[in-house]
Number of protein chains: 2
Amino acid sequence: MTTPQLTKNQSLVFDVLEKADGPLSAYTILDKLRDHGFRAPLQVYRALEKLLEYGVVHRLESINSFVACAHPGDDCHSHGIVAFAICESCGQVMEFHDHEVDHRLMAWVRGQKFKPEKTTIEIRGLCEACAA
Amino acid sequence: MTTPQLTKNQSLVFDVLEKADGPLSAYTILDKLRDHGFRAPLQVYRALEKLLEYGVVHRLESINSFVACAHPGDDCHSHGIVAFAICESCGQVMEFHDHEVDHRLMAWVRGQKFKPEKTTIEIRGLCEACAA
DNA sequence: ATCAATTGCGTTATGCTATAACGTGTGCAA
DNA sequence: TTGCACACGTTATAGCATAACGCAATTGAT
């Protein structure tokens, strides 16, 4: 999927996420955009919905937060399943792909005739710096 | 970890999850236990916290729900990472393990010197019956 | 025995996350 | 110019989770 021109709200939300050094909750984004006229959660959630659809933002299910995709300009959908390592101390997120993991999960799925729509892989723990 | 004797509340919550044919939210569990004297969410969450610790219940991060472990009597922790396939139509959950997936993820983690605490793998989609 | 620490429990209140439902305006194609 | 699709704004509400207080039972060390 190619990313269409973003609307004003979508751009604002995306910019906030890109400039952040870690994942943000929808309400944190809302607070950061109050000066730009944002008043209600829905303004954020609606923008996020589109940004997720375009693949330029990821949702971290295990911490109810959102991050800009780590592959600027890339179409994240083409990388297969995206996996995340989330540091519970500093909040840093590392995004990676492993085709063998994809392959194994998809093999299992085929065996069950399960039709996957969205797959989540999230590793929570401590990054190298914080574990020291 | 071996599972100690469950307390009254823990048993009630666990029984509800075991008898359910799919994942339940904490508030759904609460409603099912009102007749047994449950009045507040914390009664459920506190029991769940212990049941998760004992490994007899899993939390599905992507749908904010809980399921009894599919391996009765077993110690789930010994199976490595647990993965779930969640049908978004009928709510059924399949639990599985894949050592190769574990291995690949742990290899990545080692390469980054990341210290994993809890890993989530959840595939949402349609089960065979619902996809037909 | 008794004291201290731990654990489970109950209650009230609160905070965080997400969506429903309504209406407005704009651009575009039939 | 009518109808449709889409973005947007607002209010209200639903759903998920925990903080903070206090009480009771258990356990284990002194």
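Chain identifiers are assigned alphabetically (A, B, ...) following the order of the sequence lines, protein sequences preceding nucleic acid strands; residue numbering begins at 1 within each chain. Here the structure is a predicted model, which means the values were calculated and not measured.
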So does B/Ile86 get a backbone contact from the side chain of B/Glu122, meaning a donor-acceptor N/O pair under 3.5 Å?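 Checking the backbone N and O of B/Ile86 against the side chain of B/Glu122, no donor-acceptor pair under 3.5 Å is found.
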Would you confirm whether B/Glu95, through its side chain, and B/Cys69, through its main-chain N or O, come within 3.5 Å as a donor-acceptor pair?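 Not at all, since once roles are kept as given, no pair shorter than 3.5 Å links the two residues.
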Contact under 4.0 Å: A/Tyr45 side-chain N or O vs C/dA18 OP1/OP2: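 Indeed, a polar side-chain atom of A/Tyr45 lies that close.
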Less than 4.0 angstrom between a side-chain N/O of A/Asn64 and OP1 or OP2 of C/dC16, yes or no?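 So the side chain of A/Asn64 is outside the cut-off, no N or O lying under 4.0 Å from OP1 or OP2 of C/dC16.
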Using the side chain to side chain donor-acceptor pair (under 3.5 Å) criterion, which residues pair with [X]? Sequence neighbours excluded.
X	result
B/Lys32	none
B/Ser89	none
A/Ser11	none

Check ring pair (Phe, Tyr, Trp, His ring centres under 6.0 Å) between A/Phe38 and all other residues, then give those that pass, not counting sequence neighbours.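 A/Phe38 satisfies ring pair (Phe, Tyr, Trp, His ring centres under 6.0 Å) with no other residue.
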List the residues meeting ring pair (Phe, Tyr, Trp, His ring centres under 6.0 Å) with B/Phe14, not counting sequence neighbours, and say none if there are none.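 Scan of B/Phe14 (ring pair (Phe, Tyr, Trp, His ring centres under 6.0 Å), adjacent residues dropped) gives none.
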Using a side-chain heavy atom cutoff under 4.5 Å and only I, L, V, M, F, W and Y, what cluster partners does A/Leu126 have?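 Same cluster as A/Leu126: nobody, lone residue.
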So what's the dot-bracket for DNA chain C: Watson-Crick or G-U pairs under 3.5 Å, [ ] if a pair crosses, | if it pairs off-strand? ||||||||||||||||||||||||||||||
Just to verify, what does B/Asp15 make a salt bridge (Lys or Arg N to Asp or Glu O under 4.0 Å) with, not counting sequence neighbours?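 So B/Asp15 forms no salt bridge (Lys or Arg N to Asp or Glu O under 4.0 Å) with any residue.
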Residues in salt bridge (Lys or Arg N to Asp or Glu O under 4.0 Å) with A/Arg46, at least two apart?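 Salt bridge (Lys or Arg N to Asp or Glu O under 4.0 Å) check on A/Arg46 returns nothing, list empty.
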Spacing between [X] atom [atom1] and [N] atom [atom2], to the nearest angstrom:
X	N	atom1	atom2	result
A/Leu24	C/dC16	CG	P	15 Å
A/Leu52	C/dA18	CG	C1'	13 Å
A/Glu61	C/dT17	CD	C1'	12 Å

How would you give the extent of chain A contacts on DNA chain D, as first and last nucleotide 5' to 3' within a 4.0 Å heavy-atom cut-off?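 First-to-last contact on DNA chain D, by the 4.0 Å heavy-atom rule, is D/dA7 to D/dT11.
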Listing time: all N or O pairs from protein to nucleotides 6-13 of chain C that are below 3.5 Å?
from, atom 1, to, atom 2, distance (Å)
C/dC9, OP1, B/Thr7, OG1, 2.9
C/dC9, OP1, B/Asn9, N, 3.4
C/dG10, OP2, B/Asn9, ND2, 2.8
C/dG10, OP2, B/Gln43, NE2, 2.6
C/dG10, N7, B/Arg46, NH2, 2.3
C/dG10, O6, B/Arg46, NH1, 3.2
C/dG10, O6, B/Arg46, NH2, 3.2

Would you list the atom pairs, donor with acceptor, under 3.5 Å between side chains in residues 106-117 of chain A and any protein atom, with sequence neighbours excluded?
from, atom 1, to, atom 2, distance (Å)
A/Lys115, NZ, A/Glu117, OE2, 3.3

